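What you see is a predicted model, and the numbers here were worked out from it, not measured in a lab.
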Amino acid sequence: MTILTYPFKNLPTASKWALRFSIRPLSCSSQLRAAPAVQTKTKKTLAKPNIRNVVVVDGVRTPFLLSGTSYKDLMPHDLARAALTGLLHRTSVPKEVVDYIIFGTVIQEVKTSNVAREAALGAGFSDKTPAHTVTMACISANQAMTTGVGLIASGQCDVIVAGGVELMSDVPIRHSRKMRKLMLDLNKAKSMGQRLSLISKFRFNFLAPELPAVSEFSTSETMGHSADRLAAAFAVSRLEQDEYALRSHSLAKKAQDEGLLSDVVPFKVPGKDTVTKDNGIRPSSLEQMAKLKPAFIKPYGTVTAANSSFLTDGASAMLIMAEEKALAMGYKPKAYLRDFMYVSQDPKDQLLLGPTYATPKVLEKAGLTMNDIDAFEFHEAFSGQILANFKAMDSDWFAENYMGRKTKGHAMIVEAYPK
């Protein structure tokens, strides 16, 4: 999935949108700049006739933490509530002005299946403010945001809060299907005889739990396994992956130390200290990373814990408005949200190639070329995955045989990794 934003840096308002919206750790985020020599001299406004302009007012997030750490005793709506509260404090937007609240989540907590609603009530929004939750795997929060864009563009709403939340520290673990069926049947039994008859069918193996897995239902393959196969298919070496992950962690640590992660809002964990920064940014060394064993395809895989994103706990929230509403309320928008594109590929062999397919499509939809873009930012879970996408985007053969294009004319302009 690709979202096209237009920062206000080329307009009278000079602030820059720096929100990282989806709940993605920083280890494999990629921001790539096109070569200055090919940049166009002017920028298109991308405004569409008879469609309202949608702008980003501001966005915040809690610190993103490794699962099993400081957030482990919380529930997802606790983190989402903290993000909403932080957004209210950051923007001073009156709660009653917000027309709708949307959150995305990957693995839902069954007690708060509509986590957007529970978080909104906890943050003090009116019970008259509608809210719903969406899920679309790793781009669930982006789906929340683009749903909000659609509501504003169509005139249904003026002010939307969109966000994402995940609590991998406490994913649902179910009883086995046989055990669930037995318990439901016992609940319906009307006599002691019926209950005893059902109990006699119990077997100890009924107690074996069903553990959750971040895998595709249709293929039973985890994303890590898919990433390992993808890296192999595009000849991405273990060293390349480790170097890219190390670069990402090093740049993230530099940004953290220099106070550039301004979207992070502190969060006081009940009964514990206040969390002020991400704890998964951990630059290491190539020597230490090389010692790790493959995490998914053993013993010959190349995807490891060091060149993969960590399981994350955290939440984010963004305030988006119709441009005329934002200006009327005195806000200085940070970006236009101009266009977006969702793609869907073969879940077995192309599950993780979304950026390669979506990027040229969203540019064509907006009437742009690669030379019109100052920076590309992809958020993916594995360095091998993003490097494979780079190679796919730079391949005439892939463009012709898989994308129905004559050349790689849409390809990313990459001269090694930007420093």
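- For Phe206, the CZ atom is densely surrounded, since the number of other residues' heavy atoms within 6.0 Å is greater than 12.
- Distance check: Glu287 CD to Asp242 CG gives 10.5 Å after rounding to the nearest 0.5 Å.
- The backbone N or O of Ser285 lies less than 3.5 Å from no partner atom in the side chain of Gln288, so there is not a single donor-acceptor pair.
- None of Thr219, Leu230, Ile297 except one satisfies the side-chain contact (heavy atoms from CB on, under 4.5 Å) rule with His225; the exception is Ile297.
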### Task
Using the side-chain contact (heavy atoms from CB on, under 4.5 Å) rule, take Tyr357 and Gln350 through it: C-alpha gap first, then chi angles, then the decisive distance, then the call.
CA-CA 10 Å; Tyr357 286 88; Gln350 295 193 335; 2.9 Å; yes
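- For the side-chain hydrogen bond (donor to acceptor under 3.5 Å, both in side chains) with Asp313, the qualifying choice from Ser67, Ser70, Ser169 is Ser169, the only one to do so.
- For the salt bridge (charged side-chain N to carboxylate O under 4.0 Å, His left out) test, no residue two or more places apart in sequence or in another chain qualifies with Asp228.
- Looking at every heavy atom in both residues, Thr222 comes nearest to Phe296 through OG1-CD2, 3.8 Å.
- More than 12 heavy-atom neighbours from other residues, nucleotides or ligands sit within 6.0 angstrom of CG on Asp127.
- Taking the six-membered ring wherever Trp is involved, the centroid distance between the rings of Tyr100 and His132 falls below 6.0 Å.
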### Task
Would you check, one step at a time, whether the test side-chain contact (heavy atoms from CB on, under 4.5 Å) holds for Leu261 with Arg61?
CA-CA 10 Å; Leu261 304 182; Arg61 64 179 177 89; 4.1 Å; yes
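- In terms of modelled atom types and a separation under 3.5 Å, the side chain of Asp263 and the main chain of Gly59 share no donor-acceptor contact.
- Every residue two or more places apart in sequence or in another chain that forms a salt bridge (charged side-chain N to carboxylate O under 4.0 Å, His left out) with Lys253 is listed here: Asp257.
- In this structure, CG in Asn389 is found 3.5 Å from OG1 in Thr356, a value given to the nearest 0.5 Å.
- Counting heavy atoms of neighbouring residues, nucleotides and ligands inside a 6.0 Å radius, atom NZ of Lys348 exceeds 12 of them.
- By the 4.5 Å heavy-atom criterion applied to side chains, Val236 and Tyr244 are not counted as neighbours.
- The salt bridge (Lys or Arg N to Asp or Glu O under 4.0 Å) contacts involving residues 134-155 comprise nothing, where partners must be two or more places apart or lie in separate chains.
- Rounding to the nearest 0.5 Å gives a distance of 9.5 Å between CE of Met289 and CG of Leu239.
- Looking at heavy atoms from C-beta onward, Met329 lies out of side-chain contact with Val57 at the 4.5 angstrom threshold.
- No hydrogens or angles considered: a donor-acceptor pair under 3.5 Å links the side chains of Thr146 and Tyr342.
- Cation-pi contact between Lys365 and Phe340: present, with separation from the ring centre below 6.0 Å and deviation from the ring axis of at most 45°.
- The two residues Pro333 and Ala326 have their closest heavy-atom pair at CG-CB, 4.3 Å.
- A 6.0 Å sphere centred on NZ of Lys254 holds no more than 12 heavy atoms belonging to other residues, nucleotides or ligands.
- In this structure, Asn307 CG and Arg238 CZ are separated by 6.5 Å, a value rounded to the nearest 0.5 Å.
- Shortest non-hydrogen contact noted between Gly148 and Ile102 is N-CD1, 3.7 Å.
- Thr133 and Ala116 make their closest contact through OG1-N, 3.0 Å (heavy atoms, listed as atom of the first residue, atom of the second, distance).
- Every residue was checked against the salt bridge (charged side-chain N to carboxylate O under 4.0 Å, His left out) condition with Glu118, not counting sequence neighbours, and none meets it.
- Checked against side chain to side chain donor-acceptor pair (under 3.5 Å), Arg90 has no partners two or more places apart in sequence or in another chain.
- Note that the NE2 atom of His89 and the CG atom of Leu87 stand 10.5 Å from one another [nearest 0.5 Å].
- Remark: Leu246 CG to Leu251 CG distance equals 9.5 Å, nearest 0.5 Å.
- Residues satisfying the side chain to side chain donor-acceptor pair (under 3.5 Å) criterion with Gln108, sequence neighbours excluded, are absent altogether.
- The minimum heavy-atom distance linking Thr129 with Ile101 is given by the pair CG2-CD1, 4.1 Å.
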#### Entry: Derivation and outcome, side chain to side chain donor-acceptor pair (under 3.5 Å), residues Glu221 and Ser226
CA-CA 7 Å; Glu221 188 174 74; Ser226 296; 2.6 Å; yes
### Task
Take Arg229 and Asp349, measure what side-chain contact (heavy atoms from CB on, under 4.5 Å) needs, and give me the verdict at the end.
CA-CA 8 Å; Arg229 289 196 303 102; Asp349 293 323; 3.1 Å; yes
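- Closest non-hydrogen pair, Phe103 versus Ala144, comes out as C-CB, 3.9 Å.
- Side-chain contact between Asp278 and Gln256: present, with at least one pair of heavy atoms (C-beta onward) separated by less than 4.5 Å.
- Two residues are said to be in side-chain contact when any heavy atoms from C-beta on lie closer than 4.5 Å; Ile107 and Met168 meet this criterion.
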